[in-house]
Amino acid sequence: MDSIGPVGLLQGKGAAQEGLPCPPGSSELVQECLQQFKVTEAQLRQIQASLLGSMEQALRGQASPAPAVRMLPTYVGSIPHGTEQGDFVVLELGATGASLRVLWVTLTGIEGRQTEPRSKEFVIPQEVMLGSGQQLFDFAARCLSEFLDTLPVGSQGLQLGFNFSFPCRQTGLDKSTLISWTKGFQCSDVEGQDVVQLLRDAIARQGDYSVNVVAVVNDTVGTMMGCEPGARPCEIGLVVDTGTNACYMEEARHVAELDEDRGRICVSIEWGSFNDDGALRPVLTTFDHTLDQESLNPGAQRFEKMIGGLYLGELVRLVLVHLAQLGVLFGGCTSPALLRPEAFLLEHVAEMEHPSAGAARVHAILQDLGLNLGASDAELVQHVCVAVCTRAAQLCAAALAAVLTRLQHSREQQMLQIAVATGGRVFERHPRFLSVLQETVKLLAPECDVSFTPSVDGGGRGVAMVTAVAARLAAHRRLLEETLAPFRLTLEQLAVVQAQMREAMVKGLRGEASSLRMLPTYVRATPDGSERGDFLALDLGGTNFRVLLVHVATAGVQLTSQVYSIPECVAQGSGQQLFDHIVDCIVDFQQKQGLSGQSLPLGFTFSFPCRQLGLDQGILLNWTKGFNASDCEGQDVVCLLREAIWRRQAVELNVVAIVNDTVGTMMSCGYEDPRCEVGLIVGTGTNACYMEELQNVAGVAGDSGQMCINMEWGAFGDDGSLSMFSTCFDASVDQASINPGKQRFEKMISGMYLGEIVRHILLHLTSLGVLFRGQQTQRLQTRDIFKTKFLSEIESDSLALRQVRAILEDLGLPLTSDDALMVLEVCQAVSQRAAQLCGAGVAAVVEKIRENRGLEELTVSVGVDGTLYKLHPHFSSLVAATVRKLAPHCAVTFLQSEDGSGKGAALVTAVACRLAQLTRV
């Protein structure tokens, strides 16, 4: 594998293969020395892969073997919107070595309008850096007070962001335990302690100002957050200063210690401590080993010691001492100053590398160190600087490529487009570092389109931004909770709904004024398993019409069916034309099934509003679903069907029953489970039916036995009884519907309306600035754009947040991860209320059955159909949980119906035939 030298990276791949040139006449010793700093593409890819593996191991919480990086959650869950505003205080410790900085940052919330922060830097005495923890934090509190004394603060409460740039384990945005000191600090009694509490205690001891420490932030996170919002999301922070680190926005569900399954969280990689021997050993030089042994923390922060600005100058010094001792540099002479550790600073290295002024600066800097330069010494020194810094940039790029690969794979994007915020003095003072970094990243992560953006004072403005984002999220959270509070029904409220429905049921059964019509269906029994024979079923409920042959035998129920379309001209023509078409379809089906001439019992599922006068009598109240055939409303549809059969003459059909689809659902499940005495539909609309004691049904003669009652419960609450649970969003949906004031219960539960409720809530939250940065979109103003199926998809446990975002972006909604999370919460609140209201209704029904029969405990099954119930990931379990709480003396099993409108109609017919036969006997 070819070496990647610094010159090669800047001039292209071809040049890279020639390696790093040395000045003419230089010895093999120089080449041998500089060769140690060359890194091959294979070695870089090995580091990239090893770091990525360590990242994923640490994210999983795998403790053995110990991961080579820490992957610490920072509890920063959102990047800036650009709308953040307010005044914030920042205290910065450790970002710039032996100094402390206090800033007053004003955020305007207006793009392009920034105000310069006020700041003051304080030098930390060496005795404080190496003293007790209380000494250090008291010093910080005194500096804070001294700075605030110069501002017209008054008695106002101040929000402070604490930039603490050392390895910490955070357990909250304002809770952070120091793991270990770095950067020359060694204060006692701090490691293992919460540094926020130590600062709060020190501020309290100082006692001058009311300061609330909102967030503790490391400089890397501050760098990412200080990046100006742009076309690409800035979701990676990269710092190369005295030390080095990176952070990025990880999917929260991948961070094992959080136990969160939604949203994103900023993770601090702490890659300075990356110490995989297998990956790093091939690129470690003798100079790295010497530097490590002479450092304050031998064996630790090995990766950082090859990259960080605190160490680059020292590596250059060690190489120059070595070459001088070999007689290659400075005439074989050294100086006391050159032999002194830390004689070279990062600034010296950057200045000496400068392409035009570098040679002059080499002479000046080395002469200041008491060295005499030979003719080629300046050029050689420059090449040493290039070798050390190029390797640092390449290693940094390999680590960054690991992060990019992680993001690209976890988000399943073919091409990841992302911005990386850069910060630290290496970037600021060493421009070639960034160019080498960019070229190497392109080589190692070609599937990532990366832009690099210098952070605007990450330690100051960035930390203020973290504090501001936390304040914004808290404010938005309050508004979201206030908006959704009416949808979060308590058990007491649900018990009220149950009681109101129970009262409406009793009134409806007595024939008194009630929002529940409680219609007799004349179905007097559920299947007992003894039904046998062949039956025809018709299913008319939309633009398609089905004819079924249903064979009921000991082995079960077998279905043969065919779908026929009903042309629009027929659906909206004359009633005679419609029913003649239906009979033509039946004749065609009989011929294909070899049934011509046979008169089979027939059940007719007719899914339009009807008033039944008998099992085979149903008066059409009104057409819906696009049908408008003339001369049908107010007529008995079974008579209309029989007349069409008579006109055809060649066919004989025995129409036994007209069936509502809810009843069909109950009967379909009742064949499988004799305890099934309730039917429930929750789809586009909603309804329920159940077996009532005949003595309680005022409109039907007889006192013994049972009858299935079609509740038509979608109209529950049309008398105003549900008004206390109705929100302004329900009112908006109702007013825009084709039947304002009607079907109020259905409009809070069924699939036709839930998406619209969600859309109205999203419009409201956008107007408050909580969603979509407060920007209204024309798309969201469009009625019915938010289909109920989106609720099912968005709430699916298997969907990652990026997929939720994709669904919403397909709707033309430009959103952030925060927006996606809030939309998810809105969907959850709306669908949860729907399921709980449905559960309260079912609880009222099963309790009525239990009390009718005077039972202490009732065991009953509910047959259910409908797309919302079947397809929504949580609806069914929420219904069941609500029933368990509201009807604790009823053991309720929910059964999903298979073809209630077809199989169910045949079973109603089969039961009617069985009962008729018993009556004849």
Side-chain angles (χ1 to χ4, degrees), residues 5-11 15 19-38 97 240-242 285-288 290-291 294 306-393 424-436:
V7 177
L9 267 169
L10 294 178
Q11 294 177 350
L20 179 69
C22 289
S26 62
S27 70
E28 291 181 5
L29 292 172
V30 175
Q31 293 191 38
E32 184 183 326
C33 178
L34 296 187
Q35 187 71 28
Q36 294 184 61
F37 289 92
K38 291 181 184 177
V240 189
D241 198 275
T242 49
T285 68
T286 55
F287 309 105
D288 294 304
T290 302
L291 182 149
E294 293 176 356
M306 302 164 80
I307 296 174
L310 186 64
Y311 307 101
L312 295 183
E314 183 62 8
L315 282 171
V316 168
R317 186 190 72 84
L318 290 171
V319 175
L320 297 185
V321 168
H322 174 70
L323 291 174
Q325 289 172 342
L326 290 175
V328 176
L329 278 178
F330 317 136
C333 298
T334 60
S335 69
L338 181 64
L339 295 174
R340 189 177 66 247
E342 300 178 15
F344 276 97
L345 302 177
L346 170 66
E347 291 79 0
H348 296 147
V349 176
E351 289 170 8
M352 291 191 295
E353 260 199 76
H354 195 278
S356 56
R361 288 301 298 148
V362 170
H363 281 278
I365 291 166
L366 294 179
Q367 283 170 358
D368 284 346
L369 293 175
L371 295 166
N372 295 314
L373 275 71
S376 62
D377 284 356
E379 194 174 354
L380 266 174
V381 170
Q382 282 187 298
H383 276 272
V384 171
C385 294
V386 167
V388 170
C389 294
T390 297
R391 185 191 65 163
R425 286 177 299 172
V426 172
F427 284 111
E428 292 164 8
R429 301 179 185 182
H430 200 301
R432 204 179 64 79
F433 188 94
L434 178 59
S435 64
V436 174

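Any value given below was found using the heavy atoms of this structure, including those in side chains, with hydrogens, waters and symmetry copies removed.
- The distance from the CG atom of Leu380 to the CG atom of Leu34 is 7.5 Å, given to the nearest 0.5 Å.
- Met306 approaches Leu312 most closely through the heavy-atom pair O-CD2, 3.9 Å.
- In terms of modelled atom types and a separation under 3.5 Å, the side chain of Glu347 and the main chain of Arg429 share no donor-acceptor contact.
- Remark: His363 NE2 to Leu373 CG distance equals 5.5 Å, nearest 0.5 Å.
- From Leu323, atom CG reaches atom CZ of Phe330 across 8.5 Å, with rounding to the nearest 0.5 Å.
- Using a distance-only test at 3.5 Å, with no hydrogens or angles considered, no donor-acceptor pair links the side chain of Asp377 to the main chain of Leu329.
- To the nearest 0.5 angstrom, Leu345 atom CG is 12.0 Å from Thr242 atom OG1.
- A distance-only check finds no donor-acceptor pair linking the side chain of Thr334 to the backbone of Val321 [under 3.5 Å].
- When every heavy atom of Ala378 is checked against every heavy atom of Val362, the shortest pair comes out as CA-CG1, 3.7 Å.
- Atom CG of Asn372 has 12 or fewer neighbouring heavy atoms from other residues, nucleotides or ligands inside a 6.0 Å radius.
- Taken from CD in Glu351 to CD1 in Ile365, the straight-line distance is 5.0 Å, to the nearest 0.5 Å.
- Each of Gln382, His430, His383 was compared with Glu353 under the side chain to side chain donor-acceptor pair (under 3.5 Å) criterion, and only His430 meets it.
- Judged purely by atom type and a 3.5 angstrom limit, Arg317 uses its side chain to pair as donor or acceptor with the backbone of Leu338.
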CA sep, side-chain torsions, deciding dist, call: Thr390, Arg432, side chain to side chain donor-acceptor pair (under 3.5 Å)
CA-CA 8 Å; Thr390 297; Arg432 204 179 64 79; 2.9 Å; yes
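- In terms of heavy atoms, Glu314 sits closest to Ala343 at OE1-N, 4.4 Å.
- Using bins of under 30°, 30° to 60° and over 60° for the plane-to-plane angle, the ring pair Phe287/His322 lands in the perpendicular bin.
- Here the shortest heavy-atom pairing between Gly313 and Val349 reads CA-CG2, 3.6 Å.
- Here the straight-line distance linking atom CG of Asp288 with atom CD of Gln36 works out to 8.5 Å at 0.5 Å rounding.
- For the pair Arg391 and Leu315, the minimum side-chain heavy-atom distance is below 4.5 Å.
- The minimum heavy-atom distance between Gly370 and Ser335, with the atom names listed, is O-CB, 3.7 Å.
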